> 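Here it is: the structure, laid out below.
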Protein chains: 2
Amino acid sequence: MRTSELFDLLRDGRPRTRSELARATGLARSSVTAHVDALARLGYVAPVGDAASTGGRPASLFALNPRARLVAGVDVGATHILVELADLAGAALATARTDLDVAEGPEAVLGWVVETVRALVAQQGVDAGELVALGIGLPGPVEHASGMPISPPIMPGWHRFDVAGHLRERLGCAVLVDNDVNIMALGEQRTAWPEVDDLVLVKVATGIGAGIISGGRLQRGAQGTAGDLGHVRVPGSEAECRCGNLGCLEAVAAGPAIAAALREHGLEVAGTGDVVALARAGSPEAVRALRQAGRDLGEVLATLVNLVNPSVIVVGGRLAGAGEELLAGISEVVYRRSLPLATEHLRIAASTTQADAAVRGAVALAIEHALSPDVLDAEARELAIASA
Amino acid sequence: MRTSELFDLLRDGRPRTRSELARATGLARSSVTAHVDALARLGYVAPVGDAASTGGRPASLFALNPRARLVAGVDVGATHILVELADLAGAALATARTDLDVAEGPEAVLGWVVETVRALVAQQGVDAGELVALGIGLPGPVEHASGMPISPPIMPGWHRFDVAGHLRERLGCAVLVDNDVNIMALGEQRTAWPEVDDLVLVKVATGIGAGIISGGRLQRGAQGTAGDLGHVRVPGSEAECRCGNLGCLEAVAAGPAIAAALREHGLEVAGTGDVVALARAGSPEAVRALRQAGRDLGEVLATLVNLVNPSVIVVGGRLAGAGEELLAGISEVVYRRSLPLATEHLRIAASTTQADAAVRGAVALAIEHALSPDVLDAEARELAIASA
DNA sequence: CAACTTTCGTCGGATGCTCGACAGAAGTGA
DNA sequence: TCACTTCTGTCGAGCATCCGACGAAAGTTG
């Protein structure tokens, strides 16, 4: 039995007595004591008072100590950056954001991230060493294993830039890099659908993308480009796309495409934001356009449902905040076009976390690493050696 | 260090000396001896002669003993059943097949399987207890965890039939049940692409389906229906499908659809077999039809490439044996329609194993279970207790 | 054939994890 | 207040695993 196995029981934050843990692990109470002591000395676990007496001396309760370490989550968008400091339970301690264009390049963007993270940590009044892991999402294809963006279309100067190494060197903590839609999917799953193992998050904004969690794991594919919905062909569409092909989903259902369609109706619509505003105001044209975008999305998602067979599709991104129409259009087509067996238990829902999803996912990625069995058992071993 | 960890080093079949194993594991040579002895007593490992002397007593070599146990693989098709007995290296020891319709129902089909497996094992002259695991693929959606088919369209009477339990009870071995296309994908990956972690197998025959291996794991989805390509909509097609929808891939690119198209050209084509025969004979109509089927498949596979980002697509099924045209049509469209980044290192190849792929995958599934750390360490522990 | 080299098989001791026992602490109930 | 209950902390014993050492075995070299 490893110390980390016992810790896994306490990860949920619920306080437990030693006897409970002994029953759950099959160990003797004295062995549980040894493991709990080790975890307590590392700080990961702390006593939280006594349980109610059952007629004798009350048992003392132990629970995850969220403040044992700090982690950070970073969401780098096309034109903004969001940083969040969180504890090990995922509770946000401090946030910061700025409007910085990702096209400014890695040095500028990551420079701001480093400064901001350092400032937020200092502001918590703790040592910089308390920060043990940082998760970061970037708006483009990322090779997760190496922590580098690969030929990202909207990130000039980032190709094969060693993001993980750059941040690790300056912040002295583990760094996990992933695609921004992937971390949104992770964030949604962890906050809103914890019991779901097969979830797809679709982000609909200036671009369109999907994060796929299957069998409880993020699917990244061979080059880290899995889930790229934007340039999938929509049956029946011949719209020209900036990628050079015809009929791409982005060319009909993304923010700019909808805006262009509304302009043809004589409406004054500059970009995605105006589309959302119009729809919220109840403009019939905007509502109709969103419904149609939903149907086009539905055509592609119907394919995705057949291929991936998720149990939940979450729709996020700025356009998801424009009302029910987009979701209604999606549902209409998906339930008609996908296999009955695959849609039988399928739920389609709007994102609840929205703007936070990405940064929550980045935090989740960081916590996952910080509390991984490898890291934990290594620390426990070090402690044993030091105290001998 | 578990005994199974050391065994993992020997799984590839290459003979090794104790010193080599000691270096690889970091253990002392005497500790390696203890583990190797345990494995040898269980039969999984056996001495295979001596290494060349380096100036002193030659070191003795140990290697996986494939004959330590037997496994079985079963491929249940729509109208045939294939059974293969194999050793732990995956080498076939005996095979049997019959033409039995899966619609005859589970009792008839599984009855034949049980009889045949028993006969093959007896024919090997070994005890029935030597058979430790059986993998079986069924032509429909399967809930892998419970080992039951779920609403399979072409398997009346199989819905929620406890295939795993039925076989386990009668054969006394572990039973792994999966979809037939999934096990084909596993078979292809294990035999032809062992180093590839992201592989998609497309089966094109009477129906069309895909088995998706991503991150080294079979993707089954929430209900076990992942990879269902057959009823994905093909852009530009309005063909009526037996499922009730319009434009399904099966309605244009599967065997029956191609046969129907050729009949319209006045050719005498009854079914899939005739299509293959015509194409092989060089009929221009058949060749053209297959090329077009390939393009239609390519449209759908282009989507799959964007969503899943595999590094290899293998095309199997009876129609893949009709020449290069199908593959050419697929490649033509996929490389044009998918994201450049996703196709950069993508390979599209014809299945090499063909008829064997499914049964090879079933065998692989069985071996995987038989040699899993859990099973191995449990046996090692039992041995330790028995010998004390 | 003898000296040398390298591995083999075995064994005792060290280490680390686990268990059960026991006395003391901290509650409850009459 | 006192008997009773239940948990806590600690400790020695048991057990498995690992290591290094030793003489014997089995080659090579001159």
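Predicted model only: the values in this text are computed from it and were never measured. Residue numbers start from 1 in every chain, and the chains themselves are labelled A, B, ... in the order their sequence lines are given, proteins ahead of strands.
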> In this structure, how many angstroms lie between the C1' atom of C:dT6 and the CZ atom of B:R23, rounded?
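Going from CZ in B:R23 over to C1' in C:dT6 covers 13 Å.
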
> Please say whether more than 12 non-hydrogen atoms of neighbouring residues, nucleotides or ligands are located less than 6.0 Å from CZ in B:R11.
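Check passes, neighbour count above 12.
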
> Closest-nucleotide mapping onto DNA chain C: is A:A28 or A:T54 further toward the 5' terminus? I mean the 5' end.
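Result of the comparison: A:A28.
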
> Could you check whether B:S31 gets within reach of a base, just the sugar-phosphate, or nothing at all, counting any heavy atom under 4.0 Å?
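It contacts base atoms.
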
> Select one nucleotide: of C:dT28, C:dA26, C:dT18, the one nearest the side-chain heavy atoms of A:P58.
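Selected nucleotide: C:dA26.
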
> Reading DNA chain D 5' to 3', which nucleotide is the first, and which the last, to come under 4.0 Å of any heavy atom in chain A?
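From 5' to 3', the first and last contacting nucleotides are D:dT5 to D:dT10.
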
> Which comes earlier along DNA chain C counting from the 5' end, the contact point of A:G55 or that of A:M1, where each point is its nearest nucleotide?
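That would be A:M1.
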
> Applying side chain to side chain donor-acceptor pair (under 3.5 Å), can you list everything that pairs with B:D12, at least two apart in sequence or on another chain?
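With neighbours one apart ignored, the set is B:R16.
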
> Run the side chain to side chain donor-acceptor pair (under 3.5 Å) test against A:T353 and tell me which residues pass, sequence neighbours left out.
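With sequence neighbours excluded, A:T353 shows a side chain to side chain donor-acceptor pair (under 3.5 Å) to A:E188, given in chain and number order.
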
> Can you name the residues that form a side chain to side chain contact (heavy atoms under 4.5 Å, CB included) with A:S60, not counting sequence neighbours?
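Residues passing side chain to side chain contact (heavy atoms under 4.5 Å, CB included) with A:S60: A:R18, A:D50, A:F62.
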
> Does anything in residues 359-384 of chain A pair up under side-chain hydrogen bond (donor to acceptor under 3.5 Å, both in side chains), and if so which pairs, sequence neighbours excluded?
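Residue pairs passing side-chain hydrogen bond (donor to acceptor under 3.5 Å, both in side chains), neighbours aside: A:S4-A:D377, A:Y44-A:E379, A:R69-A:E379, A:E84-A:R360, A:R190-A:E368.
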
> Nearest-Å distance, CZ (A:R381) to C1' (C:dT15)?
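Atom-to-atom, A:R381 to C:dT15, this comes out as 13 Å.
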
> Over how many whole Å does the gap from A:L383 atom CG to C:dG16 atom C1' extend?
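Value for this atom pair: 15 Å.
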
> Does OP1 or OP2 of C:dC17 have a side-chain N or O of A:H35 closer than 4.0 Å?
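So the side chain of A:H35 is outside the cut-off, no N or O lying under 4.0 Å from OP1 or OP2 of C:dC17.
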
> Could you pull out the protein-nucleic contacts involving nucleotides 9-14 of chain C (nitrogen or oxygen on both sides, under 3.5 Å)?
{"from": "C:dG9", "atom 1": "OP2", "to": "B:R18", "atom 2": "NH1", "distance (Å)": "3.4"}
{"from": "C:dG9", "atom 1": "OP2", "to": "B:R18", "atom 2": "NH2", "distance (Å)": "2.5"}
{"from": "C:dG9", "atom 1": "O6", "to": "B:R29", "atom 2": "NH2", "distance (Å)": "3.3"}

> Checking B:D178 now: which residues fulfil side chain to side chain donor-acceptor pair (under 3.5 Å) with it, not counting sequence neighbours?
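So B:D178 forms a side chain to side chain donor-acceptor pair (under 3.5 Å) with B:N182, B:R220.
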
> Can you tell if the side chain of A:D197 reaches within under 4.5 Å of the side chain of A:I213, non-hydrogen atoms only?
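No, every pair of side-chain atoms sits at 4.5 Å or beyond.
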
> Quick one: list whatever passes salt bridge (charged side-chain N to carboxylate O under 4.0 Å, His left out) with A:E20, sequence neighbours left out.
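In terms of salt bridge (charged side-chain N to carboxylate O under 4.0 Å, His left out), with neighbours along the sequence ignored, A:E20 is linked to no residue.
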
> A:H166: what forms a ring pair (Phe, Tyr, Trp, His ring centres under 6.0 Å) with it, not counting sequence neighbours?
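For A:H166, the residues satisfying ring pair (Phe, Tyr, Trp, His ring centres under 6.0 Å) (neighbours in sequence not counted) are A:F161.
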
